[in-house]
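Every heavy atom of this structure was used, including side-chain atoms; hydrogens, water molecules and symmetry mates were not. The chains referred to below are lettered A, B, ... by the order of the sequence lines, with proteins before strands, and numbering in each begins at 1. Keep in mind it's a predicted model, so treat the numbers as computed, not measured.
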Number of protein chains: 2
Amino acid sequence: MTEILREIGMIARALDSISNIEFKEQDLTKGQYLYLVRICENPGIIQEKLADMIKVDRTTAARAIQKLETNGLVEKRGDEHNRKIKKLFPTQQGLEVVPVIRRENDHSNRVALSGLSQEEADTVLHLLRKIRGNVEVDWEFVKKGGRREY
Amino acid sequence: MTEILREIGMIARALDSISNIEFKEQDLTKGQYLYLVRICENPGIIQEKLADMIKVDRTTAARAIQKLETNGLVEKRGDEHNRKIKKLFPTQQGLEVVPVIRRENDHSNRVALSGLSQEEADTVLHLLRKIRGNVEVDWEFVKKGGRREY
DNA sequence: TTCAATATGTTGCAAATGCAACAAAAATTA
DNA sequence: TAATTTTTGTTGCATTTGCAACATATTGAA
């Protein structure tokens with residue numbers, strides 16, 4: 001039933017596409033909403049961890065964050081105990097944009113789950129978490145150059 | 001619980017990333033596997049429908065297919081009753097590559113569902129289909145310039 | 001039939017994406 | 001301590017992605 005993975009791909013592309021179109025009004029370019037909300041939820045996170053969290057290439061995250069900084073939505077701060085890392089924080093302006101993102105995401109969520117009972121929603125969340133846990137192991141392995149045998 | 005949509009996004013990006021890395025050996029560049037398998041499953045489909053099926057922009061699909069044709073994996077044929085459309089078919093070489101894609105996708109599927117019972121897999125497929133159905137309505141609406149109110 | 005609307009396809013940009021390759025700090029091992 | 005490995009960050013380059021804008025064929029309405 002590789003059907004499951006196809007459905008996931010379709011849903012993800014459709015939602016991402018919708019979000020990108022809708023966030024243009026907020027002057028957010030492709031994908032930026034992903035990073036911004038997570039930085040707000042995890043202030044002080046570094047970009048390496050953020051990339052892992054989102055499941056995107058390190059360099060892609062680096063540039064998206066760079067752009068968020070340039071646009072004044074995010075701030076990078078050095079750490080006194082570790083001269084290498086740069087902690088990420090939302091700026092005032094970033095904090096102001098986030099509710100708009102949340103509202104959009106909530107709406108998409110409502111649309112996506114319409115017709116599902118609360119129980120079904122709980123079930124699907126539980127199962128998706130499990131699937132994500134399985135998949136992220138392989139993702140990290142393959143990203144680091146590992147070769148899957150099959 | 002917008003958590004669900006996040007999980008879906010993470011899973012989709014991770015799997016797509018894995019596939020793209022693994023298919024490099026087959027000289028398939030980013031995303032091409034998506035189109036090729038579906039053309040094999042729906043010979044004669046036109047690119048507009050394929051884009052809808054995959055949930056990707058028309059022009060993105062157009063160029064991916066163009067490249068598949070250039071690389072000799074897919075063939076475009078005109079229709080005698082409709083001079084505008086171009087039906088898509090796999091070439092011999094395309095047909096030879098597809099089993100490799102299937103094997104990889106099957107493996108990813110097994111990995112993703114490991115630890116889930118058959119019943120759970122059935123449940124999640126059922127629920128994801130419903131979610132996809134909900135989401136694609138909005139996708140088509142927004143892609144055509146519609147504005148969602150929320 | 002004629003004219004407007006829609007469907008399908010293409011091209012031109014500008015931007016995001018991600019692999020390679022590099023640099024330097026930190027952590028681990030010898 | 002010194003040497004090696006890992007972590008974190010960056011830049012270069014080629015590619016994909018997608019919105020605008022256009023072109024033409026088909027379909028639908030007046």
Side-chain angles (χ1 to χ4, degrees), chain A residues 12-14 16-25 27-35 44-71 76-88 139-140 142-146, chain B residues 12-14 16-25 27-35 44-71 76-88 139-140 142-146:
Chain A
R13 281 186 296 270
D16 189 52
S17 176
I18 291 172
S19 292
N20 286 325
I21 291 169
E22 293 183 330
F23 291 144
K24 271 205 174 162
E25 280 183 45
D27 284 310
L28 287 178
T29 59
K30 196 168 172 245
Q32 294 197 318
Y33 69 99
L34 291 174
Y35 305 90
I45 192 173
I46 62 173
Q47 58 176 51
E48 193 82 11
K49 300 301 167 203
L50 194 47
D52 281 354
M53 184 178 277
I54 295 177
K55 263 72 178 141
V56 83
D57 191 78
R58 289 155 16 85
T59 63
T60 301
R63 283 188 246 244
I65 294 162
Q66 177 53 54
K67 184 152 190 185
L68 283 169
E69 192 191 23
T70 302
N71 294 359
K76 292 181 185 174
R77 287 190 218 147
D79 183 288
E80 35 184 342
H81 300 302
N82 187 328
R83 264 178 308 160
K84 195 169 45 166
I85 65 176
K86 297 178 182 176
K87 296 181 169 185
L88 303 170
W139 181 70
E140 274 153 33
V142 172
K143 274 303 248 183
K144 282 183 185 137
Chain B
R13 281 187 296 271
D16 189 51
S17 176
I18 292 172
S19 293
N20 286 325
I21 291 169
E22 293 183 330
F23 291 143
K24 271 201 172 165
E25 279 182 45
D27 283 310
L28 288 177
T29 59
K30 197 169 170 243
Q32 294 197 320
Y33 69 99
L34 290 174
Y35 306 90
I45 193 173
I46 63 172
Q47 59 177 50
E48 193 83 10
K49 300 301 166 203
L50 194 47
D52 282 354
M53 184 176 276
I54 295 177
K55 266 62 176 148
V56 84
D57 191 78
R58 289 151 20 82
T59 62
T60 301
R63 283 188 247 243
I65 293 162
Q66 177 53 55
K67 184 152 189 187
L68 282 170
E69 191 191 25
T70 302
N71 294 0
K76 292 181 185 174
R77 287 188 218 149
D79 182 286
E80 35 185 342
H81 300 302
N82 187 328
R83 263 179 308 160
K84 195 168 46 166
I85 66 177
K86 297 177 182 175
K87 297 182 168 183
L88 303 169
W139 181 70
E140 274 153 33
V142 172
K143 274 304 246 184
K144 281 181 186 140

OP1 or OP2 of dT10(C) under 4.0 Å from side-chain N/O of Q47(B):
yes

Comparing nearest nucleotides in DNA chain C, the 5'-proximal residue of the pair R83(A), G31(A) is G31(A)

For K143(B), report the nucleic acid contact type (base, sugar-phosphate, nothing); a contact means any heavy atom under 4.0 Å. sugar-phosphate

Residue pair A62(A)/I21(A) against DNA chain D: nearer the 5' end by closest nucleotide is A62(A)

- Go through the N and O atoms of the side chain of R58(B) and the base of dG18(D), and report whether any donor-acceptor pair is under 3.5 Å. no

dist L68(A):CG -> Q47(A):CD (nearest 0.5 Å) comes out at 11.5 Å

The residue, K24(A) or K30(B), whose nearest nucleotide of DNA chain D is more 5′ is K30(B)

To the nearest angstrom, the CG-C1' distance between D79(B) and dG9(C) comes to 15 Å

* **Under 4.0 angstrom between K67(B) side-chain N/O and dT16(D) OP1 or OP2** => yes

At 4.0 Å (heavy atoms only), tell me whether T59(B) reaches a base, stays on the sugar-phosphate, or touches nothing. base

From CG of L50(B) across to C1' of dT10(C) the rounded distance in Å is 17 Å

When rounded to whole Å, the CG to P distance for the pair L28(B) and dT16(D) reads 11 Å

- Message: Regarding T60(B), tell me which of base, sugar-phosphate or nothing describes its non-hydrogen contacts under 4.0 Å with the strands shown.
- Response: base

- Message: Any N or O donor-acceptor pair under 3.5 Å from the base of dG18(D) to the side chain of R63(B)?
- Response: yes

Atom CZ of R13(A) and atom P of dT17(D) are separated, to the nearest Å, by 10 Å

5'-most contact on DNA chain C (nearest-nucleotide basis), A61(A) vs K87(B), goes to K87(B)

I18(A) atom CD1 is separated from dG18(D) atom P, nearest whole Å, by 13 Å

Quick tally for nucleotides 1-7 of chain D: nucleotides whose base has a protein heavy atom under 4.0 Å get B, sugar-phosphate-only ones S, the rest -, giving ------B

Rounded to whole Å, the NE2-P distance (H81(A) to dT8(D)) equals 17 Å

Practice item. Have a look at N82(B) and say if it touches a base, only the backbone sugar-phosphate, or nothing, with a 4.0 Å heavy-atom cut-off. Key: sugar-phosphate

Computed from five pairs at either end and rounded to 10 degrees, the angle between the axes of the helix from dT1(C)-dA30(D) to dA30(C)-dT1(D) is 40°

Can a salt bridge be assigned to the pair K143(B) and D57(B) using a cut-off of 4.0 Å between side-chain N and carboxylate O?
yes

